[in-house]
Protein chains: 2
Amino acid sequence: MEQQVSAVDVAVSPLQKFQEYLATRKMRVTPERTAIVEEVFSYHEHFEAEELVERLTMQQTVRRVSRSTVYRTLNYLEEAGLLRKVARTNDREVYEHDYGYEQHDHLICRNCNTLIEFNNDEISRMLEQVAAANGFVMEGHRLEVHGLCEACSRPRRHPKLGLI
Amino acid sequence: MEQQVSAVDVAVSPLQKFQEYLATRKMRVTPERTAIVEEVFSYHEHFEAEELVERLTMQQTVRRVSRSTVYRTLNYLEEAGLLRKVARTNDREVYEHDYGYEQHDHLICRNCNTLIEFNNDEISRMLEQVAAANGFVMEGHRLEVHGLCEACSRPRRHPKLGLI
DNA sequence: GTTATTGCAAACCATTTGCAAGTGT
DNA sequence: ACACTTGCAAATGGTTTGCAATAAC
């Protein structure tokens with residue numbers, strides 16, 4: 001199970017797409033923004049803002065990027081349609097890039113906080129229908145299924161420890 | 001369109017159910033808790049914590065209930081399975097009582113923040129399937145469909161003003 | 001040269017919490 | 001009486017923001 005994630009063919013790279021977005025807003029391409037976009041798209045898993053700050057601090061390829069800039073850029077990426085908030089655990093937003101890979105949703109274990117990805121086209125199709133029926137133009141969705149993962153629901157046998 | 005909401009037959013009242021929950025936890029029935037539960041279930045719409053505080057302050061039937069107590073009680077109601085967080089708008093959690101009325105989800109307009117309810121059994125059924133396929137025990141879900149409502153997506157004609 | 005961007009530290013703000021006084025059981 | 005609750009004010013903690021210095025264009 002390497003990088004076998006559901007890659008979708010895309011014409012332009014995420015970085016290019018972000019630069020287009022910046023251009024339309026008269027915003028600038030800076031080394032900080034570039035580093036953030038590359039880091040976000042180099043890793044195909046959900047992440048939290050703080051995690052990204054750390055990853056960027058680690059690989060000191062560019063000059064250190066401040067937390068503020070990370071947060072600011074995450075917001076722009078979201079507006080640009082390259083990123084989405086997929087959940088909220090422990091009061092922190094969980095992000096995931098949303099370009100070049102199929103949209104998917106998550107099962108969230110209330111005990112160990114593990115996120116299990118899944119995707120189901122029927123659900124997406126159904127959401128489109130519901131939206132249309134309400135004159136609503138759907139741009140995206142956020143679906144969290146809460147409950148207990150297999151390990152944590154197994155009665156008295158080494159359930160994974162919670163994060164608290 | 002009065003109280004025609006999808007009422008489901010329930011044996012015990014929400015208040016009773018909450019009292020049972022309190023009992024099992026050796027917690028006490030206080031006028032504050034009672035007032036909160038009654039207020040929450042007297043109104044069949046989504047609401048925010050602050051809104052509830054105001055409604056309780058308004059009708060001074062009981063002695064004023066503090067914000068802290070409201071927050072604390074909302075958490076207990078959630079644990080008791082009587083309430084759920086259905087969305088997050090403007091950095092505030094949006095609650096909705098989840099007992100005696102069918103579960104439903106929402107279309108959220110990114111421009112005017114309006115929430116449109118909908119429910120779709122097929123989606124629920126499908127979620128159960130997905131959960132089962134992953135050995136996951138589903139306890140609930142949260143589904144937000146983001147986009148633009150009819151009014152706000154109509155190009156240049158009096159779109160409803162945003163909240164900001 | 002202008003105008004946007006950065007990092008810092010301070011501000012925000014919804015929600016939580018410590019604590020002393022009050023109250024169900 | 002005992003233990004649980006309340007309101008208050010203060011703390012928390014993720015995220016945002018004002019501002020002076022700095023860098024894109």
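Lettering follows sequence order; numbering is per chain, from 1.
A/His141 has its ring centre no less than 6.0 Å from the ring centre of B/His146.
Of the residues in residues 70-77 of chain A, those lying under 4.0 Å from DNA chain D by heavy-atom distance are A/Tyr71, A/Arg72, A/Asn75.
Counting any heavy atom pair closer than 4.0 Å across all strands shown, A/Glu50 reaches no nucleic acid atom.
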Distance-only check: which donor-acceptor pairs under 3.5 Å involve side-chain atoms of residues 124-134 of chain A, not counting sequence neighbours?
from	atom 1	to	atom 2	distance (Å)
A/Ser124	OG	A/Asn120	O	3.4
A/Asn134	ND2	A/Val130	O	2.8

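Shown here for A/Pro14 and A/Phe41, the closest heavy-atom pair between the two residues is CG-CD2, 3.4 Å.
The CG atom of B/Asn90 sits 18 Å away from the P atom of C/dC12 (whole-angstrom rounding). Between B/Arg67 atom CZ and D/dA10 atom C1' there is a gap of 14 Å when expressed in whole angstrom units. Whole-Å rounding puts the B/Leu56 CG to D/dG7 P distance at 10 Å. If you measure from atom CD of A/Glu79 to atom P of D/dT16, you get 11 Å, rounded to the nearest angstrom. Going from atom CZ of B/Arg25 over to atom P of D/dT5 covers 11 Å, rounded to whole Å. Between the CD atom of A/Glu51 and the P atom of D/dG14 there is a distance of 13 Å, rounded to whole Å. The interatomic distance linking A/Asp91 (CG) with C/dA14 (P) rounds to 14 Å, in whole Å. One atom, CD of A/Glu93, and another, C1' of C/dA14, lie 13 Å apart when rounded to the nearest Å.
When the options B/Ile116, B/Thr114, B/Val145, B/Val86 are evaluated for a side-chain contact (heavy atoms from CB on, under 4.5 Å) with B/His106, the one that passes is B/Val86.
Phosphate proximity of D/dT5 to B/Arg33: present, with a side-chain N or O under 4.0 Å from OP1 or OP2. Within the 4.0 Å cut-off from OP1 or OP2 of C/dC8, not a single side-chain nitrogen or oxygen of A/Ser66 is found.
Figure legend: cation-pi geometry between B/Arg33 and B/Phe18 absent, as NZ or CZ is not positioned both under 6.0 Å from the six-membered ring centre and within 45° of its axis.
A distance of 10.5 Å separates CG of B/Leu56 from CD of B/Glu32, quoted to the nearest 0.5 Å. Between atom OG1 of residue A/Thr69 and atom OH of residue A/Tyr76 there is a gap of 9.5 Å, rounded to the nearest 0.5 Å.
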Interface polar pairs with nucleotides 22-25 of chain D, N/O, under 3.5 angstrom:
from	atom 1	to	atom 2	distance (Å)
D/dA24	O3'	A/Val29	O	3.3
D/dA24	N3	A/Arg28	NH1	3.0
D/dC25	OP1	A/Val29	N	3.2

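Relative to the side chain of B/Arg64, the nucleotides D/dG7, D/dC8, C/dC8 differ in distance, and D/dC8 lies closest.
More than 12 heavy atoms of other residues, nucleotides or ligands lie within 6.0 Å of CZ in A/Arg88, so this atom counts as buried by the packing criterion.
One finds a salt bridge joining A/Arg110 and B/Glu139 here, because a Lys/Arg side-chain nitrogen approaches an Asp/Glu carboxylate oxygen to under 4.0 Å.
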